[in-house]
**Student:** 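Please read through the structure below; I'll follow up with questions.
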There are 2 protein chains.
Amino acid sequence: MDSVERMDLIVARLREEGEVTVVELAETTGHSEMTVRRDLDHLAGQGVLRRVRGGAVSLLPRGQEPPYAIRERQAPDAKRRIAEAVGELIGDGQAVLLDSGTTTLQVARELAERHITVMPLSLQVAQVLSDGRTARLLMAGGEVRVGELSLIGPLAEASLNAVRFDTAVLGCCGLSVAEGVTAYDLGDVAIKRAAMRSARRVVLAADSTKLAQVAMGYVCPVGDIDVLVTDTDAPDEAVAAISAAGVVVQCV
Amino acid sequence: MDSVERMDLIVARLREEGEVTVVELAETTGHSEMTVRRDLDHLAGQGVLRRVRGGAVSLLPRGQEPPYAIRERQAPDAKRRIAEAVGELIGDGQAVLLDSGTTTLQVARELAERHITVMPLSLQVAQVLSDGRTARLLMAGGEVRVGELSLIGPLAEASLNAVRFDTAVLGCCGLSVAEGVTAYDLGDVAIKRAAMRSARRVVLAADSTKLAQVAMGYVCPVGDIDVLVTDTDAPDEAVAAISAAGVVVQCV
DNA sequence: CAATTCAAACACAGAAGATGTTCATTAGAT
DNA sequence: ATCTAATGAACATCTTCTGTGTTTGAATTG
């Protein structure tokens, strides 16, 4: 059991029990208590839990978004395929708006070596794109959400209002015909809306697990999306319903 | 001779001769030709040189700014001391504007664990601050200069106009009473000016090597600076002249 | 005050990176 | 067109880093 598996186990335990103990985790994982403590300290640094004597308590209230480092490990294959498909939707020279999130981060990796103009809505996405050194980077301003590194607030909206894009690539937390497109953070919601206003075409990149979920913040009805790229695990009836709303659905 | 020394040697040769050969470098450094080639490829990736058969030619025209990776190794001790002193000038809870550059990057490392509000004018500085997770990060928008990762252009100016700061911590490329504060890139110059307009107090962080230099872009007269933090190698007459212009000079 | 937990320090193993060597391929010179 | 030197890929070796466990003394809690 390597460090990644251990972390996943700890997070799973925290979700079920709300708290964990060092001794119990050491037995379960088969590693020393010192190693468990180091794992817990690491997760504490990500804001996942709070250390207490003998163990840790969860900082993940139900109904709230799991932290970045956790989400990045969810459905990585699907996200990679989706990112690849989104990359093919973007032509060279286009101006692209790239949302924050783990799926769009993967899209950024796909676009990093392309010759396009990109405005990322996340510091992490910006990092990936600047490493590529070929894309023209137009940074959005805004307040940086700690942990997420997404950009929100009036400065971010002002940045979006100042530019027009060929394509906006958005992520989301939940998606259904009944409930529309939803996200956890209300600040992010406002930005997604502004992003849609600034782009001629809106592409939503969402793996199939999102189709079953509804988050607190309402972004827009499904029909406002132009293209949805998801994976082949998406249930047929959901895909049919979303298509019926006028969305081009692509399953990869 | 480790890889850092080799790179420095290669850059020095490029500055003197304008070009280098693989064979000669292999002899001088005492390493294999393959290693030299890998070094050259690495520097080519940073935009320092262009590979040609048998060697490489410089991409560093005189009068232009050396690339980031090179500057970061210049006077690192002085920069650290300066950064520490600048950190002491910043009180908790303040709103701080942080310029791009290698000296201000060091300042960012100093401020990363503080509880302040910071607007960085560089992606790299933003990266450092977001790692700290204590500072409130207000990202400036703007076009990202490739290689430098500094933010320039109208979006950046708009971000600066939208906020007011207690302190602006600026870097520069050249500084003298006769020629004022100067920088290489004209885009950066405009941003530095806007930054000064948005801050009650302007702190310039510049190691003593900057006192002898003049760059192309004129930012402002020396007297517009409130505090200059430099190192103890600064010549006394220069310090006296700058003080006479009404600047509080601190040598560390 | 006693029992437990913790964190710093050191030791060790496996992983990752850097370097050198060999060799087939390629670019440039003749 | 042919030859020579340069190149980059592939592999082997060595070094450095990172992750882990153990020990030990300090800190916390009941």
Side-chain angles (χ1 to χ4, degrees), chain A residues 1-14 17-59 67 69-70 72-73 76 109 113 127-128 131 133, chain B residues 1-14 17-59 67 69-70 72-73 76 109 113 127-128 131-134:
Chain A
M1 174 173 283
D2 69 354
S3 72
V4 175
E5 293 175 281
R6 285 201 310 274
M7 304 278 191
D8 284 343
L9 175 74
I10 293 171
V11 171
R13 283 290 168 90
L14 284 171
E17 318 280 340
E19 59 184 48
V20 290
T21 69
V22 170
V23 173
E24 181 225 358
L25 284 172
E27 284 174 12
T28 313
T29 61
H31 286 253
S32 72
E33 295 185 10
M34 192 65 230
T35 298
V36 170
R37 283 196 197 98
R38 284 190 267 241
D39 288 346
L40 292 177
D41 289 346
H42 185 241
L43 289 170
Q46 292 181 355
V48 175
L49 51 81
R50 183 168 50 83
R51 282 301 314 273
V52 294
R53 198 172 176 79
V57 295
S58 176
L59 285 177
I70 307 299
E72 188 155 23
R73 295 204 224 98
R109 297 199 175 106
E113 317 258 301
Q127 182 75 29
V128 169
D131 284 348
R133 300 175 73 97
Chain B
M1 175 172 282
D2 69 355
S3 72
V4 175
E5 292 176 280
R6 286 200 309 273
M7 304 278 190
D8 285 344
L9 175 74
I10 293 171
V11 171
R13 284 289 169 90
L14 284 172
E17 319 279 338
E19 58 185 49
V20 291
T21 69
V22 171
V23 174
E24 180 224 359
L25 286 172
E27 285 174 13
T28 313
T29 61
H31 286 253
S32 73
E33 296 185 9
M34 192 66 230
T35 299
V36 170
R37 283 193 199 100
R38 283 190 269 242
D39 288 344
L40 292 178
D41 289 345
H42 186 242
L43 289 170
Q46 291 181 353
V48 176
L49 52 81
R50 183 168 52 82
R51 281 304 312 274
V52 295
R53 199 171 177 78
V57 295
S58 176
L59 286 178
I70 307 300
E72 188 155 22
R73 296 203 222 98
R109 297 201 175 104
E113 318 259 302
Q127 182 76 27
V128 169
D131 284 348
R133 300 175 71 96
T134 62

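Order of the sequence lines fixes the chain letters, A, B, ..., with proteins taken first and strands second; residue numbering starts at 1 for each chain. Computed from a predicted model, the values in this text were never measured in an experiment.
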**Student:** List in numerical order all residues of residues 41-59 of chain A for which some heavy atom is under 4.0 Å away from an atom belonging to DNA chain C.
**Tutor:** A:Arg51, A:Val52, A:Arg53, A:Gly54, A:Gly55

**Student:** Dump the intermediate steps for salt bridge (Lys or Arg N to Asp or Glu O under 4.0 Å) on B:Glu19 and B:Arg53, then the final yes or no.
**Tutor:** CA-CA 12 Å; B:Glu19 58 185 49; B:Arg53 199 171 177 78; over 6 Å; no

**Student:** Give a yes or no on whether the backbone of B:Glu24 and the side-chain of B:Glu27 come within a donor-acceptor separation of less than 3.5 Å.
**Tutor:** no

**Student:** Which pair of heavy atoms, one from A:Glu33 and one from A:Val23, lies closest together, and at what distance?
**Tutor:** OE2-CG2, 3.9 Å

**Student:** Roughly, in whole Å, what's the span from CG in B:Leu40 to P in C:dA18?
**Tutor:** 16 Å

**Student:** Find the distance between CE (A:Met7) and CE (A:Met1) and round it off to the nearest 0.5 Å.
**Tutor:** 12.0 Å

**Student:** In whole angstroms, how far is the C1' atom of C:dA13 from the CG atom of A:Asp2?
**Tutor:** 16 Å

**Student:** Rounded to the nearest 0.5 Å, what's the gap from CG on B:Leu14 to CZ on B:Arg50? Could you check?
**Tutor:** 11.5 Å

**Student:** Chain B on DNA chain D: first and last contacting nucleotide, 5' to 3', under 4.0 Å to a heavy atom?
**Tutor:** D:dA5 to D:dA9

**Student:** Report yes or no: does B:Gln46 contribute a side-chain atom to a donor-acceptor pair with the main-chain N or O of B:Leu43 at less than 3.5 Å?
**Tutor:** no

**Student:** If I take atom NE2 from residue B:His31 and atom CG from residue B:Leu25, how far apart are they, to the nearest 0.5 angstrom?
**Tutor:** 11.5 Å

**Student:** With rounding to the nearest 0.5 Å, note down the distance linking CZ in A:Arg51 to CG in A:Leu59.
**Tutor:** 12.5 Å

**Student:** Under a 4.0 Å heavy-atom cut-off, which of residues 30-38 of chain B touch DNA chain C?
**Tutor:** B:His31, B:Ser32, B:Met34, B:Thr35, B:Arg38

**Student:** Partners of B:Thr28 by side-chain hydrogen bond (donor to acceptor under 3.5 Å, both in side chains), sequence neighbours excluded?
**Tutor:** none

**Student:** Give me the residues of residues 5-13 of chain B where at least one heavy atom lies under 4.0 Å from an atom of DNA chain D, by number, or none.
**Tutor:** none

**Student:** When rounded to the nearest 0.5 angstrom, what distance separates NE2 in A:His42 from CG in A:Leu40?
**Tutor:** 11.5 Å

**Student:** With a 3.5 Å distance limit and no angle check, can you tell me whether B:Arg133 reaches the backbone of A:Gly45 through a side-chain donor-acceptor pair?
**Tutor:** yes

**Student:** Under a 3.5 Å distance rule, please check whether A:Arg37 uses its side chain to pair with a backbone N or O of A:Asp41 as donor and acceptor.
**Tutor:** no

**Student:** Working to the nearest 0.5 angstrom, can you tell me the gap between B:Arg6 CZ and B:Leu9 CG?
**Tutor:** 10.0 Å

**Student:** Show the numbers, then the answer: is there a side-chain contact (heavy atoms from CB on, under 4.5 Å) between A:Ile10 and A:Leu49?
**Tutor:** CA-CA 10 Å; A:Ile10 293 171; A:Leu49 51 81; 4.2 Å; yes

**Student:** Quick one, which residues of residues 17-24 of chain A touch DNA chain C with a heavy atom under 4.0 Å?
**Tutor:** A:Val22

